[in-house]
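Hydrogens, waters and symmetry mates play no part in the numbers below; they use all other heavy atoms, side chains included.
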Amino acid sequence: MSQAFLLAEAESAEHGAPAAEHGAEHGAAASHAGGHGAGHTAELSIIPDHWKMETPYGVVHVDTVLSTVFAMAIALIAFGMLGRSVAMRPADVKVKRASAIEQILGFIQKILDDFVGKGSSKYLWYVGSLFIFILVANWLSLLPWAAWQLSGLANGLASALHVNAPHGLVYHAPTADLNTTVALALLSLAMYWVAGIAKNGVVGFLGHHWFAKPAVLFPLRMLEDITRPVSLALRLFANILAGHIVGTVLLGMALVGAAALLPLEMFVGAIQAFIFATLSASYIGGAVQEHH
């Protein structure tokens, strides 16, 4: 199934233009030619066409791994710089950047206070990391990567690095890959289990989590531990992928359409980060609450 949305200039390359003499059999690879002008084919993928690598343990989406590392690096650099400015300034001196990061941390701490209550600060590192990573990963995908692809630079870079990437080296939000969202959801599942066991012990946690009265609800409580990560993963994946699809289609129709969608996509990216972080905090809160 083709997942490509062809915008191009390339019919001549496929139907006998002079460039075809050099090998129409190269197909889309003609876009790698860069400076050959009329032979250039630019493609935008409606659904991210993953750069796959076979390993003994299964297929790895290399583009998702690279996009994840890229988003993490950007988040670490940006918030590292902001955090350093907070640490180095006198406590009574207010600066704009520092107030921004303080507001972000205060916002995340408020989520934890609402759902976890006493002792919630110990989970700030986890819920804060979730929120910031998902937010940065989603918003990075809103940069004009389509222009990067259409210019031929994405394919040119892939060709120069001898990388067999279907649509060149381009950033796709890792949260638009179900593998990433499932991993994040399982991490949240493990986190609230660990938090619950650390707070109440194995017997206390299971007694409250699965074996609480009435006992007839035991199957439903077990099922809940399956549906929670499933809903977390699918919600984030579906919303980000849908935004990518709509944005790409609108870009193919008119640039102004994609530009008009940008504020909505920023809102969706932020709200999905908020929902994922809030639900994770609520699950932790439910696991560590006091039992009577």
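- With contacts defined as side-chain heavy-atom distances shorter than 4.5 Å, the pair Glu265/Trp139 does not qualify.
- Atom CD1 of Ile275 sits about 7.0 Å away from atom CG of Asn239, to the nearest 0.5 Å.
- Remark: aromatic rings of Phe70 and Tyr171 are close, center separation under 6.0 Å.
- In the hydrophobic clustering of this structure, Val59 does not group with Leu66; members are Ile, Leu, Val, Met, Phe, Trp, Tyr whose side-chain heavy atoms approach within less than 4.5 Å, directly or through other members.
- Under the 3.5 Å distance criterion, the side-chain polar atoms of Asn200 are left unmatched by any main-chain donor or acceptor of His208.
- The aromatic ring centres of Tyr283 and Phe115 sit 6.0 Å or more apart.
- Placement of Phe107 and Met266 within a single hydrophobic cluster is found when ILVMFWY residues are connected by side-chain heavy-atom separations under 4.5 Å, directly or transitively.
- Val182 is not listed as a side-chain neighbour of Val230, based on a closest heavy-atom distance of 4.5 Å or more.
- Closest non-hydrogen pair, Leu189 versus Pro229, comes out as CD2-CG, 4.3 Å.
- Heavy-atom minimum distance, Thr181 versus Ala233: OG1-O, 3.2 Å.
- Taken from OG1 in Thr278 to CG in Leu130, the straight-line distance is 10.5 Å, to the nearest 0.5 Å.
- Taking the side chain as every heavy atom from C-beta outward, Leu112 and Ser121 never approach each other to under 4.5 Å.
- Considering only heavy atoms from C-beta on, Asp225 comes within 4.5 Å of His209 through its side chain.
- Of all heavy-atom pairs between Ala173 and Ile240, the closest is CB-CG2, 3.9 Å.
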### Task
For side-chain contact (heavy atoms from CB on, under 4.5 Å), just list the numbers for Leu124 and Ile108, CA-CA rounded to whole Å, side-chain angles, deciding distance to a tenth of an Å, and then say yes or no.
CA-CA 7 Å; Leu124 180 63; Ile108 299 168; 3.6 Å; yes

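- Between Phe211 and Phe218, the distance from one ring center to the other falls under 6.0 angstrom.
- We find that Lys110 and Asp114 are joined by a salt bridge, their nearest charged nitrogen and carboxylate oxygen being less than 4.0 Å apart.
- Scanning both residues, Pro174 and Thr68, for their nearest heavy atoms gives CB-OG1, 3.3 Å.
- In this structure, Arg221 contributes its side chain and Ala212 its backbone to a donor-acceptor pair below 3.5 Å.
- Here the straight-line distance linking atom CG of Leu143 with atom CG of Leu140 works out to 5.5 Å at 0.5 Å rounding.
- In plain terms, the two heavy atoms of Leu232 and Phe276 that are nearest each other are O-CE1, 3.7 Å.
- Just one of Val203, Val202, Leu206 meets the side-chain contact (heavy atoms from CB on, under 4.5 Å) condition when paired with Ile197; it is Val202.
- Placement of Leu220 and Ile226 in two distinct hydrophobic clusters is found when ILVMFWY residues are connected by side-chain heavy-atom separations under 4.5 Å, directly or transitively.
- In this structure, Phe205 has its ring center at least 6.0 angstrom away from the ring center of Trp210.
- Using a 4.5 Å cut-off between side-chain heavy atoms of Ile, Leu, Val, Met, Phe, Trp and Tyr, with links allowed through other members, Tyr123 and Val194 fall into different hydrophobic clusters.
- From Leu234, atom CG reaches atom CG of Leu236 across 10.0 Å, with rounding to the nearest 0.5 Å.
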### Task
Go through the steps for Ser280 and Tyr126 under the test side chain to side chain donor-acceptor pair (under 3.5 Å), then give the verdict.
CA-CA 9 Å; Ser280 297; Tyr126 175 71; 4.8 Å; no

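- Formation of a donor-acceptor pair under 3.5 Å by the Ser282 side chain with backbone atoms of Leu279 is found in this model.
- Side chains of Met191 and Ile284 form a contact here, defined as non-hydrogen atoms less than 4.5 Å apart.
- Across all non-hydrogen atoms, the minimal contact from Val288 to Ala195 is CG1-O, 3.5 Å.
- Note that CE of Met72 is 6.0 Å distant from CG of Leu76, once rounded to the nearest 0.5 Å.
- Between Gln272 and Phe237, every side-chain heavy-atom pair lies at or beyond the 4.5 Å cut-off.
- Ser67 places a side-chain N or O within 3.5 Å of a backbone atom of His172 that can act as its donor or acceptor partner.
- For the pair Leu262/Leu142, a side-chain contact is recorded, criterion being any heavy-atom separation below 4.5 Å from C-beta on.
- Separating the CD1 atom in Ile134 from the CG atom in Leu184 is a distance of 5.5 Å, to the nearest 0.5 Å.
- The backbone N or O of Val116 sits nowhere less than 3.5 Å from a side-chain atom of Ser120 that would complete a donor-acceptor pair.
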